[in-house]
Number of protein chains: 2
Amino acid sequence: MSKDRLRKQGTALYHALSHLVRVYQSRDREHICCYDISITQCNLLEVLLDHGAMRPLNLAQHLMLDKSTTSRVAETLVKKNYVARTPDPTDGRAQLIDLTENGRELVLKIRDELIEEEMAILRDLPKSVQDEAPGLLIRLAKAAQKRTSCCG
Amino acid sequence: MSKDRLRKQGTALYHALSHLVRVYQSRDREHICCYDISITQCNLLEVLLDHGAMRPLNLAQHLMLDKSTTSRVAETLVKKNYVARTPDPTDGRAQLIDLTENGRELVLKIRDELIEEEMAILRDLPKSVQDEAPGLLIRLAKAAQKRTSCCG
DNA sequence: ATACTATAGTTGCAAGTACCACCTATTTTA
DNA sequence: TAAAATAGGTGGTACTTGCAACTATAGTAT
């Protein structure tokens with residue numbers, strides 16, 4: 001029966017995902033901890049690197065965090081001189097957050113290191129997996145993101 | 001050139017993974033927040049559900065957390081009456097941590113809900129992805145786990 | 001023009017996450 | 001039996017996170 005098959009695969013996916021998330025979180029933590037920042041802080045820098053300067057609210061959407069959390073993480077990074085705020089000339093309430101030169105250097109260095117890690121991981125896997133992995137992960141992320149939460 | 005290809009794929013994997021981790025973390029947070037516990041607390045309950053009673057140190061390995069962190073998370077769960085400690089008769093220093101009936105019920109309910117989520121996600125994906133996803137995620141997790149950290 | 005509403009961002013609060021270094025008690029080993 | 005190792009917990013510090021409440025600016029409807 002197809003319902004059973006789906007449940008079996010859902011269960012397998014559930015276990016695989018929760019393990020994967022734990023492993024990568026832990027790995028990222030261990031890599032990033034050599035530097036001056038935490039994972040969340042690094043994520044914020046990455047978003048800026050990939051998408052350019054943006055407003056805190058926009059940043060919060062990318063990071064999937066509350067605006068207050070985002071505001072505080074940004075504040076920490078301002079103090080560490082990895083990002084800078086500038087008032088948005090088109091809206092007196094808004095501001096733009098962007099990488100400083102320091103921040104750009106740091107996030108590029110960390111990204112490079114993590115990409116080396118991924119390459120090392122891929123090297124041990126068969127070619128078919130190397131080819132399929134990124135696309136599959138993107139699909140899974142997109143599918144999950146489309147769904148809304150339970151307790152809205 | 002194969003080196004270039006590997007780098008391109010490593011970069012793609014890097015982006016896909018970091019996004020996936022963020023999305024699923026956020027999703028789990030939103031699902032679990034309806035209940036009495038946090039993500040880490042839920043992870044701890046899950047490990048006990050899957051592997052049975054164990055010592056704090058063993059639990060820390062499964063969770064990939066420091067033993068002190070594990071100890072405190074367990075303490076919180078004892079207070080909430082989801083896990084219980086019993087002294088290990090074979091070693092006066094050790095103890096065993098296990099789910100209470102309450103804890104078992106809670107984690108089963110949450111797991112069921114998340115598996116339903118996974119099933120809903122799978123439903124929208126082609127059969128080939130449904131079949132391959134869990135295996136691929138497991139491979140990736142295993143490969144990452146084999147590697148050691150940078151700043152040991 | 002002016003009051004009402006909406007939006008951007010911050011702050012107070014509470015709980016949780018996380019690690020390091022250090023401590024106590026017990027066990028193992030030399 | 002003394003020394004070293006191990007299990008677990010504590011103190012301390014810093015960060016994460018969301019909710020609710022707040023300030024200031026912007027937009028809207030009289």
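Values below: every heavy atom of this structure, side chains too, minus hydrogens, waters and symmetry copies. Lettering follows sequence order; numbering is per chain, from 1.
Between B:Glu46 atom CD and B:His51 atom NE2 the span is 10.0 Å, to the nearest 0.5 Å. In this structure, the separation between CG on A:Leu125 and NZ on B:Lys142 is 11.5 Å, given to the nearest 0.5 Å. Interatomic distance, B:Ile37 CD1 to B:Lys80 NZ, rounded to the nearest 0.5 Å: 7.0 Å. Rounding to the nearest 0.5 angstrom, the gap separating the SG atom in A:Cys42 from the CG atom in A:Asp28 is 8.0 Å. For the atom pair OG1 of A:Thr70 and CG of A:Leu57, the computed distance is 8.0 Å after rounding to the nearest 0.5 Å.
Here the shortest heavy-atom pairing between A:Gln9 and B:Pro134 reads O-CG, 4.2 Å.
Straight-line distance from the CZ atom of B:Arg22 to the C1' atom of D:dT17: 16 Å, rounded to whole Å. Atom CD1 in A:Ile97 sits about 14 Å away from atom P in C:dA8, given to the nearest Å. To the nearest angstrom, P of D:dT17 lies 14 Å from CD1 of B:Ile32. For B:Met54 and D:dA7, the CE to P distance is 15 Å, given to the nearest whole Å. Per the geometry, CG belonging to A:Leu44 stands 13 Å off P belonging to C:dG9, to the nearest Å. Computed from coordinates, the B:Gln25 CD to D:dT16 C1' distance equals 11 Å when rounded to whole Å. Summarising the geometry, the separation between CG on A:Asn43 and C1' on D:dT17 is reported as 14 Å, rounded to the nearest angstrom. A:Glu75 has its CD atom 17 Å from the P atom of D:dT17, to the nearest Å.
Projected onto DNA chain C by closest heavy-atom contact, A:Leu57 and B:Asp66 fall at different nucleotides, the more 5' of which corresponds to A:Leu57.
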Under 4.0 Å protein heavy-atom contact, by nucleotide of nucleotides 22-30 of chain C - B base, S sugar-phosphate only: ---BBS---
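A continuous path of hydrophobic side-chain contacts links A:Leu13 to A:Val129 [ILVMFWY only; heavy atoms under 4.5 Å].
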Would you list the protein and nucleotides 13-17 of chain C atom pairs, both N or O, that sit under 3.5 Å from each other?
{"from": "C:dC13", "atom 1": "N4", "to": "A:Arg72", "atom 2": "NH2", "distance (Å)": "3.3"}
{"from": "C:dG16", "atom 1": "OP1", "to": "B:Lys80", "atom 2": "NZ", "distance (Å)": "3.1"}
{"from": "C:dG16", "atom 1": "O3'", "to": "B:Ser38", "atom 2": "OG", "distance (Å)": "3.3"}
{"from": "C:dT17", "atom 1": "OP1", "to": "B:Ser38", "atom 2": "OG", "distance (Å)": "2.3"}
{"from": "C:dT17", "atom 1": "OP1", "to": "B:Thr40", "atom 2": "N", "distance (Å)": "3.4"}
{"from": "C:dT17", "atom 1": "OP1", "to": "B:Thr40", "atom 2": "OG1", "distance (Å)": "3.0"}

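No more than 12 heavy-atom neighbours from other residues, nucleotides or ligands sit within 6.0 angstrom of CZ on B:Arg104.
Looking at B:Pro56 and B:Lys67, their side chains never come closer than 4.5 Å, going by heavy atoms from C-beta outward.
Candidate nucleotides C:dG9, D:dA7, D:dT10 were compared by shortest atom distance to the side chain of B:Ala94, and D:dA7 ranks first.
Remark: B:Ser68 is not in phosphate contact with C:dC19, judged by side-chain N or O atoms under 4.0 Å from OP1 or OP2.
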